[in-house]
Amino acid sequence: MSTEWTGGGAGGSSDGRGELLEKKRSKQARPPRFKVVLYNDDYTPMGFVVSVLESIFKKSPAESTALMLRIHRSGFGVAGVYALEIAETKVAAVHRQAEQRGYPLRAGVEEE
Ligand code: TYC
């Protein structure tokens, strides 16, 4: 019971039937999802960011290169969307790998 998602649904109809449908929809499993955001900086090598996207976020080499360049140009980018605990674990993995190499690469979690 306490694990049910209780967030509000959009809209709702005024007749009784619509109300029931809306209630049913809001009780369906809709676990919150969290974006892992990577931020640009001036020092982390492009190749390292690509390797992080491949190893931690399981992206293809082509996808990783395209996303790294988007982050480089726009300032940030979404590496993936996950349940909270997984998102936090991935952020910690990014920071651990970057710190190991002495790079300032930063990542964060944002609710979707
Ligand atoms: N801006 C970095 C450079 O020119 C590359 C980079 C891309 C760094 C993405 C961080 O999240 C990042 N070497």
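Computed over heavy atoms, backbone and side chain alike; hydrogens, waters and symmetry mates excluded. Counting starts at 1 for both ligands and their atoms, in listed order.
At a threshold of 4.0 Å, the pair Glu110-Lys35 counts as salt-bridged, since one of the basic side-chain nitrogens sits closer than that to a carboxylate oxygen.
Not one N or O on the side chain of Thr44 forms a donor-acceptor pair closer than 3.5 Å with the backbone of Tyr103. Without hydrogens or angle criteria, His95 side chain to Ala107 main chain gives a donor-acceptor distance under 3.5 Å.
Shown here are the side-chain contact (heavy atoms from CB on, under 4.5 Å) partners of Glu111, two or more places apart in sequence or in another chain: Pro32, Phe34.
Within 4.0 Å of ligand 1, contacts by protein heavy atoms are made from Tyr39, Asn40, Asp41, Thr44, Met46, Val49, Met68, Ile71, His72, Leu105.
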request  = Could you give me the CA-CA distance, side-chain angles and deciding distance for Gln97 and Val52, then say whether side-chain contact (heavy atoms from CB on, under 4.5 Å) is met?
outcome  = CA-CA 8 Å; Gln97 283 194 16; Val52 159; 3.7 Å; yes
query = Between Phe57 and Val36, is a side-chain contact (heavy atoms from CB on, under 4.5 Å) present by the stated rule, with each step listed?
reply = CA-CA 10 Å; Phe57 298 95; Val36 174; 3.6 Å; yes
